[in-house]
Structure formats: C-alpha cells, structure tokens
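As structure tokens, the structure follows; a few thoughts come after it.
Below, chains carry the letters A, B, ... as their sequence lines are ordered, and counting in each starts from 1.
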Number of protein chains: 4
Amino acid sequence: MLSVVEETGRPRRPHTGRRRNEAAREAILDATMDLMYADDGAEITIDAIAHAAGVGRQTIYRWWPSKGAVAAEAMARHAQAIVPVTKTGSFRADLLAFISDSFAGLADDRLRGALRRLAAGAQSDEHVAQVLAEFTAQRRAALRQVLEQGVASGDLGPGANLPMLVDMAYGLLWYRVLVGHAPLDADAARDLTSCLLAAGRP
Amino acid sequence: MLSVVEETGRPRRPHTGRRRNEAAREAILDATMDLMYADDGAEITIDAIAHAAGVGRQTIYRWWPSKGAVAAEAMARHAQAIVPVTKTGSFRADLLAFISDSFAGLADDRLRGALRRLAAGAQSDEHVAQVLAEFTAQRRAALRQVLEQGVASGDLGPGANLPMLVDMAYGLLWYRVLVGHAPLDADAARDLTSCLLAAGRP
Amino acid sequence: MLSVVEETGRPRRPHTGRRRNEAAREAILDATMDLMYADDGAEITIDAIAHAAGVGRQTIYRWWPSKGAVAAEAMARHAQAIVPVTKTGSFRADLLAFISDSFAGLADDRLRGALRRLAAGAQSDEHVAQVLAEFTAQRRAALRQVLEQGVASGDLGPGANLPMLVDMAYGLLWYRVLVGHAPLDADAARDLTSCLLAAGRP
Amino acid sequence: MLSVVEETGRPRRPHTGRRRNEAAREAILDATMDLMYADDGAEITIDAIAHAAGVGRQTIYRWWPSKGAVAAEAMARHAQAIVPVTKTGSFRADLLAFISDSFAGLADDRLRGALRRLAAGAQSDEHVAQVLAEFTAQRRAALRQVLEQGVASGDLGPGANLPMLVDMAYGLLWYRVLVGHAPLDADAARDLTSCLLAAGRP
DNA sequence: AGTTAATCGAGACGGTACGTCAGGTCTTGGC
DNA sequence: GCCAAGACCTGACGTACCGTCTCGATTAACT
C-alpha cells in the first residue's frame, strides 16, 4: 500500500505532536533488532539505528540512556518464551525435548549472533547486563521446572543439586555459543541429557 | 643517573636496527595487561597502550592486526599454567583441587574483568576469537587430562563422555563469570566436582 | 565572569543547531590567517587551525575539501581591496600609484610569506589553484581598468596589448616575490611604470 | 644488456665498499627527476625516491640534508642551457627566437610540471630556493646577453633598463606557468617581443 | 481560536579514537 | 665506512561515532 511507504521505503509516520511517538519508539527497537540479527559482524552504532529507523539521533537519546539500553530493551521484547515446556509423561523425554529445542533454536546463525552480541554487550553495559540476567534467569527457571518434574517422578534424587544442574546445562550451551569449539546438535543434546540424568540420579 | 632510564622515567630500549625489537613487543604486551587489569572501566585505546609502552602506534599495527589481537596475546601470555595439575593419589581430591584452583583464580575482580573483556571481544573480533579458542582449548585439555586419570583409576566409567564433562565444567565457570548470577566459591567447586563424578560414574 | 568568554579564554560561540555556524567559519579563517602570517616557518596543520579556532577537525573537513582550500579562502578574504584604484587626473600618476601601492603592500614579510605559500600550494592543490586564479584575475582586472584609462586619455595607443602589459606587470611582481633576486621598492615601481608606458605608447 | 638489470628491473649496482657509490648517487638523482617529471601530481616522498632508485633511505639522508636538496641537485643537473642563444643578424629575430624557444620548451606538460614543483618547493626549502635562484639567474643572464646585442645594434636605447626588461619577460613566463590563466604560445612570444622592443626603444 | 509546549527528523558542532602514511633515526649484515 | 633493508618513534592525515545543541515542522493540550 503506497500511502504508508515513501518511494524511499521509509515509513512516513504520522506526527503525534507533543506526545511521544510510539511508532518511532517501535521503529527504533525493530531497527535495533534487525541490526543485532544482522550477521555481517558490523558494530551497531547509534547512527545506524537512527538511520535504519528513519529517526533523528536525538529521539534515541531522549528516551534511552545508552546504546546498550536500546539494545537491551529491543532484545527483551523478543526474548519471550521461545522454548515451551512440553510434557510427554517420560521425564527423560521431556528433558531431552527441552534441551533439543533449546539447541535447535540456536541453529539459526542470526539468533546465535544476537545472543553473542547480547552476552558481549552485557560485559560493558549495565543495562544489557541486566537484560541478560533476567533473560537467563527465565531460562533457568524454565529448565528448573522441568528438572523438578524429574525429582517428583523419582528420576532425579531428592537431594539433586538442581541449580548446579541447570547452570551446567546452560553453561554448556553458552560456552559453545560463545567459544564455538563444538556444535549444539542433536547428539550434544542427547549426551547432555544423559549427563544431567546421571549427575542427578538418586 | 642511571644508564638505563632517562629522566623521563621511560626505559630507553636499545634500538635493534632492522630486526624486530623484542623489548618493545614485551613492553606493549605488558602495558596492555596493565591496562586490562586496571578496573577503572576506561576503554583501552591503542594510543593508551602505545603511550604506556613508550612505543609508536605504528609499531603496534605492524605486528598485530587489531587491538583485540594485542589484548588477546597479552592475556594468553599471562594465562600460562595458572592452574597446575596436581596429583595427590585420590582422583576426587585431584579433580576438586583443579576446579577449586580454577575458581579461586577468578576471585580476583581484575582477572575476572579481563576474562570478561576477552570473551566479549571475541564476539566481534576474529583474532580475539581465535586466541580465546586456543586459550580455552588449553584449559579443556588440562581438565581432560585430570579426568582421564579418573578413567584410569576407575572412578569414571570407560564410556564416560569426557568432552561433555569438560564442557559442562568450563561452561558453568564461564556462564557464572559472564552472567554473574551465582558465585564461583568453594561450595560451587565441591558441588560441581560431585556432579561431574556422578555424571561420569561407571 | 564575562558572559562571552569562558575562563579558558575561548569564545563560547552560540550553537546554531542544524545550520552552519558562521562564527565558527570565521574563527577558522581567522585562525588560518594568523597561522599563515606567523613567520615561524612552522607548517600549518589542520589540527593547529582547529585548535586555534576552538573547533573540531571535522568542522573544517565538512566545509573545505583540503587544507589548501581553507588557506586559500582565508587569503582571499583578506585580499579584498588591498589596492584601491585612485584617480588623480594624470594617467602616469595613477598607474604609478597603483603599482607603488601594490609593491608597498608586499614590503610586509608576513604578507609576502602568505602569498608565497599561496602560490606554492596552488601547484599541488587544485582548490588553491582555483583561488589563486580568481585572486590574480581580480588584480589583473583592476590593473587593466587603470590601463584602459590610459588608452582613453591617449597615453596608451589604441592598439596597446593590455593583457600582455598586465601580465608583464604582475609577472614581474610575482617573479620577484617568488625568486627574491630583486626588490619591489619604489625604484622598481617607477621603472616598471616607465617600461609599461613605453611598451604601450601610441 | 641483461647482466646489469635484475628481473625486477632494478639495476644491480656493484658494491664500492667503503667509498661512496657514485652509481647510487646518480640513481637517486635520476629517480628524483623521473618523479618530478611525472605528471600524476603525486607528492614526492623520500620513500618513493629510495624505492625507485633501489636505494636505502639512509643513503639519501647520508648525503643530502633534505628532500628539497635532492630535488634541487637533480633539477640543477638537468637545467643545462636548454635555450641556446642564436644569432641571425636581426636583433628582433634573435629576441623572438630566444623567447619562442623558451616558450616552446614549456609546451611539455612534464617539464612545466617540474618547474612548477621547483618553484613551489623553493618557497619552503632553502636548498631548492638556492637552486631556483641560480637557475633563474642563468636564464636572466642569457636573455640579458641577447638584449645587449639590441643595445649594440641600436634597436634598444643606451639607457634601456635591461634588468627590468629581463624580469618582465621571465616574470610573464613564470606567472603564466604558475597561474595558468594564459598560454605561452607563438602569439604570446611575438607579443612579448614587441612589448619588450617598445619598452626598450631609444 | 490562539497560545504554549513538547516531540520529531535533521544535521552542524566540539571531541576522541581510529588506522594509514611519511619523516627522520638507528642498527644489522654484507661488501 | 658504505650500502640495502627495514624496524623504530613521532606526528599529521582524513574518517567514523559520540553525545549535545539548535532549527523549523507538527500536533496536543491549555488558555
């Protein structure tokens, strides 16, 4: 529909006067995500975000304290429960499904790239660090929920150190994502599942 | 007046003519480490490294392809034999010692900060990524060596998935370093050791 | 505390937003002229201009294509109406006055130095060449105007080759400025005037 | 002859031990002239000269105090009486021939470029200035010699201001070379000759 | 209905760091 | 001692972003 898009391809947002323009805000977050997903390894700059969003730089600085804060909010918007917890009856099958799904999602180069940028950004930007912390906490909680089913079913011992098991699992995932020395494929998912079961065995 | 040091306090390195000046190389790496250890949060600049090392910028660019590569090599130089493999006779004690020592080294905020910078830099700089890969490969090899003693002693089963165990251990370490949601203290070392033993049990 | 000048002594120019800041432009040109007039023989640096003008380097690059172009424009600004055309009634007196004034202005070492830099710069910088061309064209036009009075009064023949006379006059001037083998004093002005009159005689 | 030139095209000069290598000296001067004649407008660098001459930079610095000094000496070597003084019997013809020949030599873009570089370099390098002074003095002497024939023959008056005529002639030449606003063609030579004759007429 | 006020896209501004280039000095190893 | 080679320190270059500032427009909210 031509009325929304100029021939430059830039959406011509309606002015909202003296109230914040939500369309601009979303354009900024969308553009930021696009850039984080981009696999060209290019550094993300405020200029690039502003230009991609068709926005003035000042509009970004008006609403976010730092580039990391923008990236963080953009990531947080997209970090919704990617891996739903399934229940098949068999604990091992449930755990394997959870881990396999988690790994499978990371087969996408662009998503893996975004996570790497997120982790890297968190090391120097407090806002990003917070988003990473919340994001990983959600994931840990989800996995822990799965493992607690294992305790309930007796597949794991009552004294199993669940936080440690969770951290070992996600530790392996992030370690391989960030270092890249080994894949996160179906075999890895199976092996990790076995190790976790053995480590938590009664 | 000392013959080695000018009144400026800068070591007056002897010129080595048309051959690479090893003293300059080491001054650069030392200065880089000093700056990485500095926890003032300041970004490390090529200018800062050059100035601190008493070196021209071009001398850095001549030998390293990027700032990250310098930092990486500086890190690698200091990461030698941080954790010596001990042998006490008991496999569990050896493994616990290795992990405890590894964790203990990371109690230093500045070293942890350097590792975080290293991991973050690896996500956008290919040269840093390579050094991180080599560095972590060394550490994995060291841990694997320890675990193989466990296989030999029968504490671990002959079919234990050693690469997976190693990645789980270092995964946990890096995960907690980079996310910071849980400590790497003595309890964590003990718990991790137990989990690894259980996961690799015959 | 003065409202215009900070304690650093730097004029705190008002920001003009998204429009070019004329005050900055003039500060740049003024600083450039100051540096060109400085006879310390130091090479003029973009950094030096920017610093002296209290301006970022990029602001210079934004508006001028090369260092020479800045210098050229700075020169051109100061070269306005250095030699006013006078009219006394006697053509010979007018011509002598014009030439004498032109020569007298070059008695200043610093102005002569600036012209030498201008001519030298024009040989390798197209932008400077253009400014030099325009500047010299203005001067030639002024002299030609004087000579045309001579044609009108009959002191010069109707077929006098005015462009050649003009070029001979300014040629001598520049030749002596650039080579420095002979002075541009009152005697020289008188002799040149005589020669021009003789060469253009009816 | 192939024994002198490597396949790289670089002359393999014989080493002269602890005595200065004249072949190297000439290679440097030749390379410098080649670069000055080059019409690509590129700045001449010591590196470029050294590389073109197949010489170490130090060998240049050992024998010349500055880049300009090299260029100056190189120019001086080639500045031998380019314009021979002819004698046809007619003073006007002799003068026209001298001026025409002088102009004709400057039809070559590369020679004109070299002269422009020479004049430009003289403004900031004392050594080049000296060479330019000597070179132009030679030319002025040659032209003066021609004009003195005119005085002897009566074509010029006994009180003709020869230095002024000479400077007007060469002034015009250099002015047009350096500013480039008008050509140095046959017409110009003829007009200049006429003006000089008129200006020096008894 | 007119005034005020805040947002928006835009882009100039003063800076800082970048990576490159050239200058001039120094040393090696061969002759 | 001269020469080719090339590393060294220095410093200027032109570029990329940063975060700030102002503009003119647009519109909402308040007279």
Practice task
Kindly indicate whether a cation-pi arrangement holds for C:R20 with C:W63, taking the cut-offs as under 6.0 Å to the six-membered ring centre and within 45° of the axis.
Solution key: yes
Practice task
Test A:R25 against A:E73 for salt bridge (Lys or Arg N to Asp or Glu O under 4.0 Å), laying out the working first.
Solution key: CA-CA 11 Å; A:R25 175 178 169 273; A:E73 186 169 337; 2.6 Å; yes
Exercise for the section: Produce a footprint string for nucleotides 24-31 of chain E: one letter per nucleotide, 5' end first; B if the base is under 4.0 Å from any protein heavy atom, S if only the sugar-phosphate is, - if neither. Expected result: BBBBBSBB
Problem - D:Q123 side-chain N/O to D:A119 backbone N/O, donor-acceptor pair under 3.5 Å - result: yes
Problem - Spacing between A:R62 atom CZ and F:dG19 atom C1', to the nearest angstrom - result: 14 Å
Exercise for the section: For D:W63 and for B:E22, locate the closest nucleotide of DNA chain F by heavy-atom distance; then report the residue assigned to the nucleotide nearer the 5' terminus. Expected result: D:W63
Problem - Short side-chain N/O contact from B:T59 to OP1 or OP2 of F:dC9, under 4.0 Å - result: yes
Exercise for the section: Look only at the side chain of B:D34 and the backbone of B:I49, and say whether a donor-acceptor pair between them is shorter than 3.5 Å. Expected result: no
Completion exercise
Between CG of D:D125 and C1' of E:dG23 the distance, given in whole Å, is 14 Å
Problem - Spacing between C:I60 atom CD1 and F:dA16 atom P, to the nearest angstrom - result: 17 Å
Exercise for the section: Check the distance between E:dA10's C1' and A:R13's CZ and give it to me in whole angstrom. Expected result: 13 Å
Completion exercise
Between CD1 of D:I44 and P of E:dC21 the distance, given in whole Å, is 19 Å
Exercise for the section: Rounded off to whole Å, could you give me the CD-to-C1' distance for the C:E43 and E:dG23 pair? Expected result: 12 Å
Fill in the blank from the handout: Walking DNA chain E from its 5' end, the first of B:T45 and A:A24 to be reached, judged by nearest nucleotide, is A:A24
Practice task
Whole angstrom is fine here: how far is it from NE2 in B:H51 over to C1' in E:dT16?
Solution key: 16 Å
Practice task
Rounded off to whole Å, could you give me the CZ-to-C1' distance for the A:R20 and E:dA5 pair?
Solution key: 18 Å
